[in-house]
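Some notes on the structure that comes next.
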Amino acid sequence: MKLRTIAAALVLGAGVLVGTASPASAATCSGTHLDNWPITGGYIAVYYNSSTGYNCAMTYTNRPGVSQYIRVTLSAIGGSSRTDAQYYKYYAGPVSVYGKGKCIEVYGQVGYSNPLEGFGPAYCS
């Protein structure tokens, strides 16, 4: 029984490392959806939660189900920055930073051959 539990944990952990999240197990940002910004190969979605003061961002691909490099970076100017980047089939993120009273910058990339594209300072709260 113990061996089966360890094997199941290893399989689950491998799925997390490979970045195989699907819409069925989708992580999301909370708060108000501020906008979607188009980038080469996909788009970046940005959110703000006024009750927590956190901004959140995710980069989505236009070719869901195809494993490819996807990156999202969210920075609060004068504050912290968070990045999620690896091979995914649907999206990178969510990443969150405390943004109350700050402006944010957001960057995304879909595919190694495409440029890292960004916007900002974007929203200021």
Side-chain angles (χ1 to χ4, degrees):
M1 184 66 166
K2 195 178 227 179
L3 186 56
R4 227 181 318 175
T5 303
I6 292 170
L10 289 173
V11 169
L12 287 174
V16 170
L17 291 175
V18 174
T20 57
S22 68
S25 64
T28 60
C29 292
S30 65
T32 302
H33 179 238
L34 299 178
D35 208 349
N36 289 336
W37 281 303
I39 60 171
T40 305
Y43 66 94
I44 305 167
V46 179
Y47 298 80
Y48 179 70
N49 187 325
S50 60
S51 65
T52 65
Y54 277 83
N55 283 96
C56 182
M58 298 176 73
T59 297
Y60 292 88
T61 177
N62 287 341
R63 295 177 46 211
V66 176
S67 182
Q68 57 196 310
Y69 179 79
I70 306 175
R71 174 181 173 168
V72 62
T73 298
L74 176 62
S75 301
I77 297 173
S80 61
S81 180
R82 299 285 184 267
T83 297
D84 181 28
Q86 64 177 320
Y87 278 82
Y88 291 114
K89 290 185 177 183
Y90 300 95
Y91 57 83
V95 292
S96 296
V97 296
Y98 186 75
K100 190 169 188 173
K102 300 181 184 315
C103 297
I104 61 164
E105 294 178 324
V106 62
Y107 299 91
Q109 181 178 4
V110 177
Y112 269 124
S113 61
N114 290 329
L116 177 63
E117 299 174 72
F119 305 93
Y123 284 96
C124 302
S125 56

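This chain uses plain numbering: 1 for the first residue, then up along the sequence.
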Practice problem: With the side chain counted from C-beta on, respond yes when V97 and R82 share a heavy-atom pair under 4.5 Å apart, and no when they do not. | Solution: yes
Exercise. Kindly give the heavy-atom pair with the smallest separation between Y90 and G65, and that separation in Å.
Key: CE2-N, 3.6 Å
Exercise. Search all heavy atoms of Y60 against all heavy atoms of A45 and return the closest pair with its distance.
Key: CE1-CB, 4.0 Å
Quiz prompt | Within-4.5 Å side-chain heavy-atom neighbours: T83 and R71 | solution = yes
Self-check item: A57 to C29 - nearest heavy-atom pair and separation
Solution: N-SG, 3.7 Å
Exercise. Mind listing the closest non-hydrogen atom pair of K102 and A76 along with its distance?
Key: CD-CB, 3.7 Å
Exercise. Please report the C-alpha distance between Y48 and K100 in whole Å, then the side-chain angles of each, then the deciding distance to 0.1 Å, and finally whether the side chain to side chain contact (heavy atoms under 4.5 Å, CB included) criterion is met.
Key: CA-CA 9 Å; Y48 179 70; K100 190 169 188 173; 3.9 Å; yes
Quiz item: Are Y54 and L74 side-chain neighbours, meaning at least one heavy-atom pair lies under 4.5 Å?
Solution: no
Self-check item: Nearest atoms (heavy-atom pairs only) where G108 meets L116
Solution: O-CD1, 3.5 Å
Quiz prompt | Spacing of Y107 atom OH and I44 atom CD1 [to the nearest 0.5 Å] | solution = 10.0 Å
Quiz item: Is the closest side-chain heavy-atom distance between E105 and I77 below 4.5 Å?
Solution: yes
Quiz item: Does Y47 belong to the same Ile/Leu/Val/Met/Phe/Trp/Tyr cluster as I104, with side-chain heavy atoms less than 4.5 Å apart forming each link?
Solution: no
Quiz item: Who passes side chain to side chain contact (heavy atoms under 4.5 Å, CB included) against T61, sequence neighbours left out?
Solution: R63, Q68, I70, V110
Quiz prompt | Any side-chain heavy-atom pair of V46 and D35 under 4.5 Å | solution = no
Quiz item: Can you tell me how far CG of D84 sits from OG of S96, rounded to the nearest 0.5 angstrom?
Solution: 11.0 Å
Practice problem: Just do the side chain to side chain contact (heavy atoms under 4.5 Å, CB included) check on N55 and V106 with the steps written out, would you? | Solution: CA-CA 10 Å; N55 283 96; V106 62; over 6 Å; no
Practice problem: Describe, in one word, how the ring planes of Y87 and Y69 are oriented to each other, choosing from parallel (under 30°), tilted (30 to 60°) and perpendicular (over 60°). | Solution: perpendicular
